[in-house]
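Right, one structure below, let's go through it.
Model, not experiment: these values are computed from the prediction. Just so we're on the same page: letters track the sequence lines, and every chain starts at 1.
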Amino acid sequence: MSVVNLPEHPALEGLEAKWSARWRDQGVHRFRRPAGRDQVFAIDTPPPTVSGSLHVGHVFSYTHTDLVARYQRMRGKAVFYPMGWDDNGLPTERRVQAYYGVRCDPSLPFEPDFQPPDQPDPKRPLAISRANFIALCQQLTAIDERAFEDLFTQLGLSVDWDLLYQTISPEAITVAQRAFLRNLARGEAYLDFAPTLWDVTLQTAVAQAELEDRQTAGAFHRIAFHRPDGSPVLVETTRPELVVSACALIAHPDDPRYQDLFGATVASPLFKVEVPVLAHRAAEMDKGAGIAMCCTFGDLTDVIWWRELALPTRTVIDRSGRFQTETPDWLVDPAPYQALAGKTVFSARQTTVELLRATGELVAEPWAVSRPVKFYEKGDKPLEIVSTRQWYLSNGGRDPDLKAQLLARGRELKWVPAHMAHRFEDWVNGLNGDWLVSRQRFFGVPFPVWYRLDAAGQPDFDHPVVPAEADLPVDPMAQAAPGFEPGQRDRPGGFTADPDVMDTWATSSLTPHLATGWERDPELFELTFPMDLAPQAHDIIRTWLFSRVVRSHLENGCLPWRRAALSGFVVDPDRKKMSKSKGNVVVPTDVLERFGSDAVRWRAAMARPGADSPFDQAQMKVGRRLATKILNLSRFILGLPDNDPAQWSPTVVDQAVDRAMLARLRQVVTQATAAYEAFEYSDALETTEKFFWTFCDDYVELVKERAYGAQGDRAAASARAGLGLALDILLRLFAPTCPFVTEEVWSWWHDGSIHLSAWPQPDEAGPPDGDPGLLDQLSTVLTAVRGAKSQAKASMRAAVAQLELAGPEAVLEALQPVVADLKAVGHIVGPIRWTARPPDTTTGLMVAVVLAEA
RNA sequence: GGGCGCGUAGCUCAGUCGGUCAGAGCGCCUCCCUUACAAGGAGGAGGUCGGCGGUUCGAUCCCGUCCGCGCCCACCA
């Protein structure tokens, strides 16, 4: 006799708090190291950026991963499912600046007793030292991380919180620095002084992967250069202020209009600088005037021309985005520059236009144009191009062999859904430079590098000084270079630190290494690397996904995981991506509170891999209804008189309809399992749910009276066993989707967690000797009976005077054993008339219902 | 401009290796307090499967083309 502990009033409320606490206390989701790699399922969980709040999109995509994790756990795998916080980098810095009203000034000294201002003044941020700033970053991320953990716990993510990591932890810094030192030693990381996309507000370099184009209003200006004979050459530009930086005019080699000019020089407006007119295939005849003003640097095309045509460097815009105060030495007429010195790009443009207008070299009034301009995806001013010294990491952008290898890795990877592989392929093919990994910021992983200073105090960038791996992590700004004394810092003959930090993607590209204990825990690494699954949203294929492939390829010569799963976005009802700036973000805590985690997870599970889905509150109610139904159904089955789970054996099930139901369930188990194996969690849920509702509506109704004992003990036992077996299996099929309600119900008669129970096997439903088709015939009959009553606006308890069934003999025969059940559920008091038809005349079952007079 | 995905009931989406495939849920309408469930149940109405061609005995499903939508990439003279 099994003990059934049925609560008086089962409810969904409070299940999240109750069970997430118990799971944690009992270590239900803990990774226990098994003997072999094949018993592990390792997940490279995306570490969310800790700089604000999570939105519904996070809730959906993390749920998708959790569905797979829970399935694999029930399949008996030791699931390695860590969580990480991506808490270093610019997003955190910006949040700290806004939250506390501070800014980092590395020249200031550390203040041990520093307290942030009570009332932050966003307009006048308080300047604080680098160390104080970093302390505030850590303080705030700790607060945010607590909120994230609470939300994920409430959502029911089955991560092993003992495996939590942070990208700013000493361990993460060690991993990032170690990997970098190895890249450096192998020649994959290198310093280069080159034109760099630069955010003038944040004052840092930006990588290709972090660019975005924004349609921006501007104006074309037609301005005149001058031939030696004084006649004008007209160019059209949206950046007239860069006239001062003009290095050449460039037209297409085949352009008939400029053939006579190639090789000649022309004088620039205002400054009268002689610049050559050159031919280059990248010039487009039908763009603007067909002849371009090449400046250092207005855009990336300028960089190409500058490099390929060996043009001089005439940069005037400094790192803060202002025109340098010193007058450039290449100007023939330096006088006009006085009006530009020290100005921002924006006001220098206005001034230049005024100057050109005054000299008559602006030959037409500017006309408005909207064109795409490159921005840092997190910035709010157009990027400038300045020449700086930066660290680069090989990513195939300059090396065709490496590019080919990375493309091959992409093809080796299994993609869910498969078409996402194209995005990887396209991105890699489109790379045109190596990965710029240094950032001129503060809250990040410092480069473990110092430079010797010569007698004149100039750094030797060609021979960086690096620490031993055993000495990691290091902070070169705080620690002296190996072989030097602290007092030699920034002194001639001494050393200086590399002041930069790594791009946040440079550290997060190592999450597989960080999570699996690379060079820290060889046993763990052996068990979990390469990992099994890399889940992420489809927008970061070019960044996080690609960068991890690069790192793992370079360091380990393999993919970091076997499979990548891409989640879609949750979009607003207008199909627009949710974002804070659009004000269409839905706060997940409200939704979870209102509908319950199981309901929200159900909705997430209905979003297929890679597909965007619009947010719709009404859909949550459907999930809620499922959870409620599971609860009520369970209460009914377990509450049947004399129902003892110990008696739920297929051998007790001897009624045809019960066997038919189990036969259908057997198919469902097979299909759901196959779907999960293919990472198609939506299909698994849909299959299960379709069965579930028919089960509730038809089968349960049909056998209810019998289960109460209306047809004797033996028939009742068959019904109870059928119901019980189905419940036991269904709960487990639903467990990944609705972990809370299934666990609650499971606990009514089981000891251990459902999430550590075995995923159902088809054979649990007994031998495949039932006829699933019988259920369909029964549905037809039941629907007809209900329809008749509904049409007559009668109660479902209304009596049926006569039922006529017409159909193939085999069908009628199959229905014979179910007559008692049918009569009970349909309140059929009169006779049932059977009319046999030849099997080939009609395949369907015809039902005629005559209701008794009320 | 290139790539990818998508256009099926008012909404969100399944589906068809071409022939009972025109489906589900939500919404809507009507009805029902039936002892698991009114935070429920039953029934019903709704679509020439984006347009136009083609292949075929037959196309929502295959091919071509056009229109529309979304995402990614390129496009700053």
Side-chain angles (χ1 to χ4, degrees), chain A residues 10-12 211-216 218 220-221 235-239 242 249-251 282-284 287-295 298-302 305 369-374 382-383 417 419-427 429-430 432 538-539 541-542 568-569 571 573 575-577 595-596 599 603 606-608 610-616 618-619 621-622 624-640 682-683 686 689-690 693 696-697 700-701 704 708 723 782-798 825 827 843-844:
Chain A
L12 297 177
L211 302 181
E212 73 180 26
D213 289 344
R214 295 183 199 161
Q215 205 62 28
T216 307
F220 266 119
H221 302 73
V235 302
E236 289 171 8
T237 178
T238 57
R239 299 207 58 182
L242 288 177
L249 296 189
I250 298 176
E284 296 177 34
K287 212 175 212 178
I291 186 162
M293 174 175 78
C294 175
C295 313
D299 63 24
L300 292 175
T301 315
D302 285 343
W305 286 329
V369 63
S370 174
R371 79 278 189 236
V373 176
K374 286 200 190 311
L383 294 174
H419 68 79
M420 289 294 176
H422 294 289
R423 298 210 187 170
F424 180 91
E425 193 102 0
D426 289 351
W427 174 253
N429 275 323
N432 52 29
H538 59 62
D539 60 331
I541 291 174
R542 67 173 182 170
F569 293 130
V571 294
R575 299 247 157 220
K576 296 283 179 254
K577 189 175 168 181
F595 299 101
R603 177 64 190 89
M606 293 300 282
R608 307 183 107 75
D612 292 350
S613 57
F615 182 78
D616 181 2
Q619 299 284 335
K621 286 198 290 194
V622 183
R624 176 78 179 184
R625 207 178 54 144
L626 173 65
T628 305
K629 195 78 171 179
I630 290 172
L631 202 64
N632 285 324
L633 173 76
S634 305
R635 189 166 57 140
F636 164 68
I637 294 177
L638 291 165
L640 286 168
S682 299
D683 290 338
E686 210 169 288
E689 218 186 336
K690 185 173 157 69
W693 287 107
C696 290
D697 296 343
V700 172
E701 292 300 326
K704 191 184 287 181
Y708 278 122
L723 289 165
L782 287 176
T783 300
V785 172
R786 290 168 184 155
K789 295 180 181 180
S790 199
Q791 209 128 35
K793 304 197 174 183
S795 158
M796 287 300 138
R797 293 173 84 178
V825 66
H827 296 272
T843 52

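Evaluation of atom-type donor-acceptor distances gives no pair under 3.5 Å for the side chain of Asp616(A) against the base of C11(B).
Within 4.0 Å of Tyr708(A), counting heavy atoms only, lie sugar-phosphate atoms of the nucleic acid but no base atom. Glu425(A) comes within 4.0 angstrom of nothing in the nucleic acid, heavy atoms only. Across all strands, Asp302(A) comes closer than 4.0 Å to no nucleic acid atom at all (heavy-atom distances). Within 4.0 Å (heavy atoms only), Thr301(A) reaches sugar-phosphate atoms of the nucleic acid but no base atom. The residue Ser634(A) sits apart from the nucleic acid: no heavy atom pair falls under 4.0 Å. Base engagement by Pro372(A) is indicated by at least one non-hydrogen atom pair under 4.0 Å involving a base atom. Using a 4.0 Å heavy-atom criterion, one finds that Val622(A) contacts the sugar-phosphate atoms exclusively. Residue Lys374(A) is classed as a base contact, given a heavy-atom separation below 4.0 Å to a base. At a threshold of 4.0 angstrom between heavy atoms, the contacts of Arg624(A) include nucleobase atoms, whether or not backbone atoms are also involved. Within the nucleic acid shown, Lys789(A) has no heavy atom closer than 4.0 Å to any nucleic acid atom. Residue Ala792(A) is classed as having no contact, given no heavy-atom separation below 4.0 Å to the nucleic acid. When heavy atoms are screened at a 4.0 angstrom cut-off, Cys696(A) is found touching base atoms of the nucleic acid. Counting any heavy atom pair closer than 4.0 Å across all strands shown, Gly787(A) reaches sugar-phosphate atoms only and no base atom.
Using a distance-only test at 3.5 Å, with no hydrogens or angles considered, no donor-acceptor pair links the side chain of His538(A) to the main chain of Gly568(A). Distance alone, capped at 3.5 Å, is enough to place a donor-acceptor pair between the Arg624(A) side chain and the Phe595(A) backbone. No side-chain donor-acceptor contact under 3.5 Å links Lys789(A) to the backbone of Ala794(A).
Counting heavy-atom neighbours within 6.0 Å of Gln791(A) CD, excluding the residue itself, gives a total of 12 or less.
For Arg786(A), taking side-chain heavy atoms from C-beta onward, the closest of the listed nucleotides U12(B), C75(B), G43(B) is G43(B). Closest contact between the side chain of Pro614(A) and the listed nucleotides C13(B), C76(B), C73(B) involves C13(B). Comparing C73(B), C26(B), U12(B) by their closest approach to the side chain of Trp427(A) singles out C73(B). Of the candidate nucleotides G25(B), C75(B), C13(B), C13(B) has the atom lying nearest to any side-chain atom of Ser613(A). Of the listed nucleotides (A14(B), C37(B), C71(B)), A14(B) has the atom at the smallest distance from the side chain of Glu686(A).
Comparing C26(B) with A39(B), their C1' atoms are spaced 16 Å from each other, to the whole Å. Going from the C1' atom of C11(B) to that of A74(B) covers 36 Å, rounded to whole Å. As rounded to the nearest Å, G27(B) and C17(B) have C1' atoms that lie 35 Å from one another. Rounded to whole Å, the separation between the P atoms of U20(B) and C49(B) comes to 15 Å. Comparing the P positions of U60(B) and C4(B) gives a spacing of 26 Å, expressed to the nearest Å. With both ends at atom P, the span from G15(B) to C67(B) equals 28 Å, rounded to whole Å. Separation of the C1' atoms belonging to A9(B) and A14(B) is 13 Å when rounded to the nearest angstrom. A gap of 13 Å separates the P atoms of C6(B) and U16(B), to the nearest Å.
Distance CZ (Phe615(A)) to C1' (C11(B)): 15 Å, rounded to an integer number of Å. Following rounding to the nearest Å, Lys621(A) (NZ) and A38(B) (P) show an atom-to-atom distance of 17 Å. The nearest whole Å value for the distance from the CG atom in Leu300(A) to the P atom in A74(B) is 10 Å. A straight line from CG of Leu640(A) to P of U35(B) spans 15 Å, rounded to a whole angstrom. Taking atom NZ of residue Lys690(A) and atom P of nucleotide G15(B), one finds them 13 Å apart after rounding to whole Å. Counting to the nearest Å, the C1' atom of C75(B) and the CZ atom of Arg214(A) are 17 Å from each other. Rounded to whole angstrom, the span from the CD atom of Glu212(A) across to the P atom of C73(B) amounts to 9 Å. In this entry the distance linking CG of Leu633(A) with P of C37(B) reads 12 Å, nearest Å.
Base orientation for G46(B): syn, the chi torsion being within 90° of 0.
To the nearest 0.5 Å, the span separating NZ on Lys704(A) from CG on Leu723(A) amounts to 10.5 Å. Here the OG1-NZ distance, from Thr216(A) to Lys374(A), works out to 11.5 Å after rounding to the nearest 0.5 Å. Within the model, atoms CZ of Arg542(A) and CZ of Arg423(A) stand 11.0 Å from one another, a figure rounded to the nearest 0.5 Å. In this structure, CG on Asp299(A) lies 8.5 Å from SG on Cys294(A), to the nearest 0.5 angstrom. In this structure, the separation between CZ on Arg603(A) and CG on Leu626(A) is 14.0 Å, given to the nearest 0.5 Å. Residue Asp697(A) holds its CG atom at 9.5 Å from OG1 of Thr783(A), rounded to the nearest 0.5 Å.
Closest approach of Met606(A) to Glu689(A), counting heavy atoms only: SD-OE1, 4.5 Å. Minimum heavy-atom separation, Ala282(A) to Trp305(A): CB-NE1, 3.6 Å.
Comparing Asp612(A) and Thr628(A) along RNA chain B, the residue whose closest nucleotide (by nearest heavy atom) sits nearer the 5' end is Asp612(A). Mapping Ser790(A) and Ile291(A) onto RNA chain B by nearest heavy atom places Ser790(A) closer to the 5' end of the strand.
Listed pair Ser795(A) / C33(B) fails the phosphate criterion, with no side-chain N or O lying under 4.0 Å from OP1 or OP2. Lys629(A) has a side-chain polar atom (N or O) that falls below the 4.0 Å cut-off from OP1 or OP2 of G41(B). Residue Arg371(A) places none of its side-chain N or O atoms closer than 4.0 Å to OP1 or OP2 of C76(B). Taking side-chain N and O atoms only, Arg625(A) has no distance below 4.0 Å to OP1 or OP2 of A38(B).
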Inset, instruction - Could you summarise the pairing of RNA chain B as dot-bracket text, marking Watson-Crick and G-U pairs under 3.5 Å with ( ) or [ ] inside the strand and | across strands? - result: (((((((..((((.....[...)))).(((((.......))))).....(((((..]....))))))))))))....

Protein-nucleotides 4-6 of chain B N/O pairs under 3.5 Å:
residue, atom, partner, partner atom, Å
C4(B), O2', His419(A), ND1, 3.3

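Judged as a salt bridge (charged side-chain N to carboxylate O under 4.0 Å, His left out), and not counting sequence neighbours, Lys629(A) has no contacts.
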